[in-house]
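Written out below as structure tokens is the structure these notes cover.
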Protein chains: 2
Amino acid sequence: MKHEYFSSVLKKCGVKVTKQRVAILEVFEEGCKPISAEGIFGVLKKSKKVSVDLATIYRNLQVLEAHKVIRRVDLRGDSQLYELGGHHHHHILCTACGATEGFDFCIANTIEKHVVKQSKKFKVITEHAVELFGICSECVSKSKK
Amino acid sequence: MKHEYFSSVLKKCGVKVTKQRVAILEVFEEGCKPISAEGIFGVLKKSKKVSVDLATIYRNLQVLEAHKVIRRVDLRGDSQLYELGGHHHHHILCTACGATEGFDFCIANTIEKHVVKQSKKFKVITEHAVELFGICSECVSKSKK
DNA sequence: CTTGTATTGCAAACTGTTCGCATTACTGTA
DNA sequence: TACAGTAATGCGAACAGTTTGCAATACAAG
Ligand SMILES: [Mn+2]
Ligand SMILES: [Mn+2]
Ligand SMILES: [Zn+2]
Ligand SMILES: [Zn+2]
């Protein structure tokens, strides 16, 4: 069960298993799109199973990110977005309606090699952000009308 | 001269040529690293040639970005960074000291083609963000000591 | 069950950014 | 060059997202 799984994840991190933390992680599971602190807050408030303070959510996002259970996604919004840190992938965002989609394709290695070869300053690369922005088909057809 | 050049850029945009705007653009020219509103504010305050209000800087960053004179750079900081919109390039940031470097290498086309081929939702891609994060050689050698 | 400490909730603080409004200064025209 | 109309500025206040201090709570180890 999910509860069990998230509990074990938290235990492995060496942090306490609180109902707030499990609840937050469960929210990530529901939708596969990156979500903000406020977004999580909204989902939990609506579900009414657990009441979690917004500050608690922010604090836990930090904890969970530090332990790499979740990761930040940079999609140019006005708030920080996070998603479960499972498999490596990137995103494309519709700048018209905000829809997102993930894609597994990643050639960061190629980029990194080139950069390391050419740069004197940087020989160690640890992370990369690759995000695309466009117009989703739905918005395209809307705009044609 | 720079003044002249930036004036003409602003005229082409169809906006007024104010000393504040020219001053802001001149700040971008000095350093080739992305800079924030507060950063520009600091530079201008120190230079003492022109006094520009912070709100004015924010407003102008919006105007200049809208006209593609400058562009936003997403480097995960806590404030928005911008740089002159000249030639297309990407950045690598040292997560230890904050140093940045630009690189021209870009294979976004390849990524975009793959995504468009695989995605049903997205056929139109307009922009991309590709940023690398690592440790610069200086910080690497420091950490070894 | 008891105890020690990590975590929570709540309120207040903080930071980066935006906005309203009166004043100023560009720019086009005469 | 003078003038008028309007875009842009400065200033203060507002705002959104996020962080923090502190007392109360609830995990987890013994
Ligand atoms: Mn995703
Ligand atoms: Mn650059
Ligand atoms: Zn990747
Ligand atoms: Zn590119």
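Below, chain A is the first sequence line, B the second, and so on; all start at residue 1.
Residue pairs that meet the salt bridge (charged side-chain N to carboxylate O under 4.0 Å, His left out) test with at least one member in residues 31-41 of chain A, sequence neighbours left out, do not exist here. Legend: side-chain hydrogen bond (donor to acceptor under 3.5 Å, both in side chains) pairs involving residues 42-54 of chain B, not counting sequence neighbours: none detected. Here salt bridge (charged side-chain N to carboxylate O under 4.0 Å, His left out) pairs that include residues 79-88 of chain A, with residues two or more places apart or in two chains, are Arg71(A)-Glu83(A). Residues in residues 93-122 of chain A take part in these ring-ring contact (aromatic ring centres under 6.0 Å, His included) pairs, two or more places apart or across chains: Phe105(A)-His114(B), His114(A)-Phe105(B). Under the ring-ring contact (aromatic ring centres under 6.0 Å, His included) criterion, no residue pair touches residues 23-58 of chain A, with sequence neighbours excluded.
There is a path of hydrophobic side-chain contacts, each under 4.5 Å, that joins Tyr82(B) to Phe6(B).
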Output a table of donor-acceptor pairs, distance under 3.5 Å, between side-chain atoms of residues 124-141 of chain A and any protein atom two or more places apart or on a different chain; print 'none' if there are none.
{"unit_1": "Thr126(A)", "atom_1": "OG1", "unit_2": "Phe133(B)", "atom_2": "O", "d": "3.1"}
{"unit_1": "Glu127(A)", "atom_1": "OE1", "unit_2": "Arg76(B)", "atom_2": "NH1", "d": "3.0"}
{"unit_1": "His128(A)", "atom_1": "ND1", "unit_2": "Glu112(A)", "atom_2": "OE2", "d": "3.3"}
{"unit_1": "His128(A)", "atom_1": "NE2", "unit_2": "His88(A)", "atom_2": "NE2", "d": "3.0"}
{"unit_1": "His128(A)", "atom_1": "NE2", "unit_2": "His90(A)", "atom_2": "NE2", "d": "3.2"}
{"unit_1": "Glu131(A)", "atom_1": "OE1", "unit_2": "His91(A)", "atom_2": "N", "d": "3.0"}
{"unit_1": "Glu131(A)", "atom_1": "OE1", "unit_2": "His91(A)", "atom_2": "ND1", "d": "3.4"}
{"unit_1": "Ser137(A)", "atom_1": "OG", "unit_2": "Lys120(B)", "atom_2": "O", "d": "3.4"}
{"unit_1": "Ser137(A)", "atom_1": "OG", "unit_2": "Lys121(B)", "atom_2": "O", "d": "2.9"}
{"unit_1": "Ser141(A)", "atom_1": "OG", "unit_2": "Ser137(A)", "atom_2": "O", "d": "3.1"}
{"unit_1": "Ser141(A)", "atom_1": "OG", "unit_2": "Glu138(A)", "atom_2": "O", "d": "2.9"}

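A straight line from CG of Leu61(A) to P of dT7(C) spans 14 Å, rounded to a whole angstrom. The NZ atom of Lys12(B) sits 19 Å away from the C1' atom of dT27(C) (whole-angstrom rounding). Look at CD on Gln62(B): it is 9 Å from C1' on dT17(C), rounded to the nearest Å. Between the CG atom of Leu64(A) and the P atom of dT7(C) there is a distance of 11 Å, given to the nearest Å. Between Lys11(A) atom NZ and dA28(D) atom P there is a gap of 7 Å when expressed in whole angstrom units. For the pair Glu65(B) CD and dT18(C) C1', the interatomic distance rounds to 15 Å; values are reported in whole Å. Between the CD1 atom of Ile35(B) and the P atom of dG16(C) there is a distance of 14 Å, rounded to whole Å. Tyr58(B) places its OH atom 19 Å from the P atom of dA14(D), with the value rounded to the nearest Å.
For the helix from dC1(C)-dG30(D) to dA30(C)-dT1(D), the terminal axes (five pairs an end, C1' atoms, rotation from four pairs onto the next four) enclose an angle of 40°, given to 10 degrees.
Listed by chain and residue number, Lys2(B) satisfy the salt bridge (charged side-chain N to carboxylate O under 4.0 Å, His left out) test with Glu29(B) (two or more places apart in sequence, or in another chain). Here Glu65(A) pairs with nothing under the salt bridge (charged side-chain N to carboxylate O under 4.0 Å, His left out) rule; sequence neighbours left out.
To the nearest 0.5 Å, atom CD1 of residue Ile107(B) and atom NZ of residue Lys113(B) are 11.5 Å apart. One distance of note links CD of Glu26(B) with NZ of Lys19(B); it measures 13.0 Å at 0.5 Å rounding.
When each of Ile24(A), Val27(A), Leu81(A) is tested with Ile35(A) by the rule side chain to side chain contact (heavy atoms under 4.5 Å, CB included), just one qualifies, namely Val27(A).
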Item to complete: Take nucleotides 7-13 of chain D nucleotide by nucleotide from the 5' end and write B, S or -, depending on whether a protein heavy atom sits under 4.0 Å from the base, only from the sugar-phosphate, or from neither.
Response: BSBBBB-

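DNA chain D is contacted by no residue of residues 36-46 of chain A, taking any non-hydrogen atom closer than 4.0 Å. Residues of residues 74-83 of chain A that place a heavy atom closer than 4.0 Å to DNA chain D, in numerical order, are Asp78(A), Ser79(A), Gln80(A).
Side-chain atoms of Thr56(A) never come within 3.5 Å of backbone atoms of Val52(A) as a donor-acceptor pair (strictly under, hydrogens ignored).
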